[in-house]
Protein chains: 2
Amino acid sequence: MQSAKIVLIGSGNVASHLGKALKKKKCSILQVYSRSASSAKKLALTLKSSYTNDISQLVTNADIYIVAVSDDAISSVLSQIAFQPSLIVHTSGSVSDTVFSDKFKQYGVLYPLQTFSKDKAINFLKVPIFIQANTKSSLKKVRDLAGLISPSIYSITSEKRKALHIAAVFACNFSNNMYAIAERLLVKEKIPFSVLVPLITETAKKIEKGNAAKQQTGPAVRGDKKLLATHMEFLKQEEDFKKIYTLVSQSIQEFASQYGAKK
Amino acid sequence: MQSAKIVLIGSGNVASHLGKALKKKKCSILQVYSRSASSAKKLALTLKSSYTNDISQLVTNADIYIVAVSDDAISSVLSQIAFQPSLIVHTSGSVSDTVFSDKFKQYGVLYPLQTFSKDKAINFLKVPIFIQANTKSSLKKVRDLAGLISPSIYSITSEKRKALHIAAVFACNFSNNMYAIAERLLVKEKIPFSVLVPLITETAKKIEKGNAAKQQTGPAVRGDKKLLATHMEFLKQEEDFKKIYTLVSQSIQEFASQYGAKK
């Protein structure tokens with residue numbers, strides 16, 4: 001796949017980061033498509049590729065078409081492709097590969113498991129990539145392409161990929177919401193959020209070898225009812241946070257009872 | 001406070017980590033007290049100190065007595081101290097300094113904001129320590145002692161410390177519960193938890209400068225109702241996880257509406 005010819009369908013965070021990483025590995029990005037011409041143009045300039053906002057103008061000679069648009073848009077974008085691409089993949093965690101099956105002969109998925117932000121560089125060497133494809137030869141192509149940018153490539157079914165994506169929502173999006181709530185509580189007290197950073201870093205670091213439930217600390221896992229009650233009282237003005245406090249504390253205690261955690 | 005004479009009341013994670021860090025900074029740990037003689041002895045051996053499980057046998061000539069027992073036990077332990085210590089502090093995030101005020105003339109708090117595990121070394125240089133004391137001279141002593149092991153020392157009131165502790169519960173204990181749920185979902189699919197580690201690390205790293213809510217990613221902040229519904233359906237066998245999914249997704253959307261997050 002070295003020097004593969006790529007068309008990027010989409011110009012958001014995933015398309016940008018993947019495009020840049022593949023470009024560095026000597027792939028030719030032939031074209032960027034986006035509904036927004038300005039957005040397509042902007043990414044195309046970075047990748048030294050052509051661009052279009054008219055899907056009927058897609059070039060037809062690429063080796064791989066990478067559809068990196070929002071989950072909702074994948075099916076509609078696919079319906080507008082008027083030729084049979086050599087190989088087409090999407091990058092979604094949650095959309096089944098059956099989205100391709102009516103129409104395309106060679107297709108697959110290339111799902112990079114990471115949170116992509118607009119202005120933050122990503123080290124793909126640390127991004128596991130989950131792949132699938134409908135034929136052996138396509139799977140090899142997807143694997144080779146993914147292998148250019150990451151050493152961690154896993155074959156996965158659509159069903160397992162969905163479970164993985166939900167796990168990622170908990171591990172990433174939901175832990176970030178816990179940070180956001182913590183930050184809100186500190187802002188009210190005029191305490192800088194920076195004081196929590198070492199704690200957050202340590203918490204994330206502690207679970208590198210897994211066993212998160214067994215490594216749980218804090219009042220809920222200790223079964224410290226008095227303290228839980230004090231915290232509830234403190235949160236009475238913050239009904240939403242209080243509900244989350246209750247439910248997550250229960251979940252911690254449920255895990256603890258399963259693991260026989262020490263009090 | 002260099003070469004301060006310390007008595008540790010308690011022999012758990014906080015007492016152990018603090019004791020070792022202070023010992024390294026040339027403090028003399030005179031004695032370790034614990035209800036459990038074996039536990040007191042074990043820590044005392046590491047710290048080359050004496051030990052006792054009889055609180056009436058506390059030595060009376062230390063500069064600082066550090067009470068690092070569970071929140072529930074602080075008040076009872078204090079009631080058994082039969083002399084007037086030069087200075088006594090506890091290390092709790094949530095117990096008010098008024099716990100001392102009936103009885104003690106010089107007292108304070110030294111709250112290290114970190115998650116302490118039994119077998120994992122802590123770099124105190126990255127642990128913010130929150131202090132208070134009832135007199136200027138005691139505050140100076142507590143500050144000097146804390147300053148031996150950490151460069152980040154903050155004076156704080158009991159009320160603000162409680163808010164900080166609750167924020168820490170969200171940022172640390174609750175994010176860890178999100179990891180535990182993610183791990184459980186992966187175990188069911190026989191996917192190794194290690195694939196989530198780069199995502200967790202990146203998520204924790206992204207918020208080092210704060211603004212967690214603005215950096216939220218995922219289906220909830222995008223308002224992707226279809227995907228949320230798919231995830232709910234997937235979680236229908238896991239009632240507890242489904243409730244958390246619903247509530248945290250709502251919280252993410254509430255933050256997003258406040259910040260006017262991009263869809």
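To find a chain, count down the sequence lines: A is the first, B the second, and so on, and within it residues start at 1. Side chains included, hydrogens not; waters and symmetry mates left out as well; all remaining heavy atoms used.
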Subject >> Most contacts with chain B, counted as non-hydrogen pairs under 4.5 angstrom, among A:Asn123, A:Asn13, A:Asp72 >> reply: A:Asp72
**OP:** Check whether A:Leu227 gets within reach of chain B through its side chain, its backbone, both or neither, counting any heavy atom under 4.5 Å.
**Re:** side chain
Original post:
Do B:Val127 and A:Pro198 touch side chain to side chain, with heavy atoms closer than 4.5 Å?
Top reply: no
**OP:** Would you indicate whether the side-chain heavy atoms of B:Tyr154 and A:Ile191 approach each other to under 4.5 Å?
**Re:** no
**OP:** Answer with side chain, backbone, both or neither: which region of A:Tyr245 has an atom nearer than 4.5 Å to a non-hydrogen atom of chain B?
**Re:** both
Original post:
Where does B:Phe241 contact chain A at under 4.5 Å (heavy atoms): side chain, backbone, both or neither?
Top reply: both
**OP:** Give, for atom OG of B:Ser117 and atom NZ of A:Lys206, the distance between the pair rounded to the nearest 0.5 Å.
**Re:** 3.0 Å
Original post:
Do you know the tightest heavy-atom contact between B:Ile200 and A:Ala204?
Top reply: CG2-CB, 3.8 Å
Subject >> Distance in Å, B:Leu113 CG paired with A:Leu199 CG, rounded so as to fall on 0.5 Å steps >> reply: 5.0 Å
**OP:** Enter the distance from A:Ile207:CD1 to B:Met178:CE here, rounded to the nearest 0.5 Å.
**Re:** 13.5 Å
Subject >> Donor-acceptor contact present, side-chain A:Glu208 to main-chain B:Val197, <3.5 Å >> reply: no
Subject >> From CG (A:Leu185) to CG (B:Leu164), nearest 0.5 Å >> reply: 10.0 Å
**OP:** Give a yes or no answer on whether the side chain of B:Glu189 reaches the backbone of A:Lys160 with a donor-acceptor pair at less than 3.5 Å.
**Re:** no
Original post:
With distance as the sole criterion, is a donor-acceptor pair present between the side chains of B:Thr230 and A:Lys162 under 3.5 Å?
Top reply: no
Original post:
Heavy-atom distance under 4.5 Å to chain B: side chain of A:Lys243, backbone, both or neither?
Top reply: both
Subject >> side chain to side chain contact (heavy atoms under 4.5 Å, CB included) assessment of B:Thr217 paired with A:Cys172 >> reply: CA-CA 8 Å; B:Thr217 58; A:Cys172 166; 4.2 Å; yes
Subject >> chain B contacts, top residue of A:His165, A:His231, A:Lys209 (heavy-atom pairs, under 4.5 Å) >> reply: A:His231
Original post:
Less than 6.0 Å separating the ring centroids of B:Phe170 and A:Tyr179?
Top reply: no
Subject >> B:Lys214 atom NZ, neighbour heavy-atom count above 12 within 6.0 Å >> reply: no
**OP:** Taking the side chain as every heavy atom from C-beta outward, state whether B:Arg184 and A:Phe255 have any atom pair closer than 4.5 Å.
**Re:** yes
Original post:
Which region of B:Thr115, side chain (C-beta onward) or backbone (N, CA, C, O), has a non-hydrogen atom less than 4.5 Å from a non-hydrogen atom of chain A, or is it both or neither?
Top reply: both
Subject >> Check: B:Phe234 and A:Glu159 side chains under 4.5 Å, non-hydrogen atoms >> reply: yes
Subject >> Steps toward side chain to side chain contact (heavy atoms under 4.5 Å, CB included) verdict (A:Phe174, B:Ser249) >> reply: CA-CA 8 Å; A:Phe174 288 7; B:Ser249 292; 3.6 Å; yes
Original post:
With a 4.5 Å limit on heavy-atom distance, are the side chains of B:Arg222 and A:Asp71 in contact?
Top reply: yes
Subject >> Over 12 non-hydrogen atoms of neighbours within 6.0 angstrom of NZ in A:Lys120 >> reply: yes
**OP:** Decide yes or no on side chain to side chain contact (heavy atoms under 4.5 Å, CB included) for A:Thr201 and B:Lys205, but give the supporting numbers first.
**Re:** CA-CA 7 Å; A:Thr201 307; B:Lys205 214 172 153 54; over 6 Å; no
Original post:
Where do B:Ser175 and A:Ser175 come nearest, in terms of heavy atoms and distance?
Top reply: CB-CB, 3.7 Å
Original post:
In Å, rounded to the nearest 0.5 Å, how long is the span from CG of A:Leu235 to CD1 of B:Ile166?
Top reply: 5.0 Å
**OP:** Write down the atom of B:Ala182, the atom of A:Ala167, and the distance for their closest heavy-atom approach.
**Re:** CB-O, 3.3 Å
Subject >> Side-chain touch B:Gln250/A:Asp240, heavy atoms, less than 4.5 angstrom >> reply: no
Subject >> Choice from B:Val169, B:Leu186, B:Leu196, B:Ile181 maximising heavy atom contacts with chain A below 4.5 Å >> reply: B:Ile181
Original post:
In terms of heavy-atom proximity below 4.5 Å to chain A, should B:Val248 be classed as side chain, backbone, both, or neither?
Top reply: both
Subject >> Carboxylate-amine/guanidinium contact A:Lys126 B:Glu202, below 4.0 Å >> reply: no
Subject >> Spacing of A:Ile252 atom CD1 and B:Asn173 atom CG [to the nearest 0.5 Å] >> reply: 5.5 Å
Subject >> Any donor-acceptor N/O pair, B:Glu183 side chain to A:Gly210 backbone, under 3.5 Å >> reply: no
Subject >> Side-chain donor-acceptor contact under 3.5 Å, B:Ser251 with A:Asn177 >> reply: yes
**OP:** Keeping the roles fixed (side chain from A:Asn176, backbone from B:Thr203), state whether a donor-acceptor pair exists under 3.5 Å.
**Re:** no
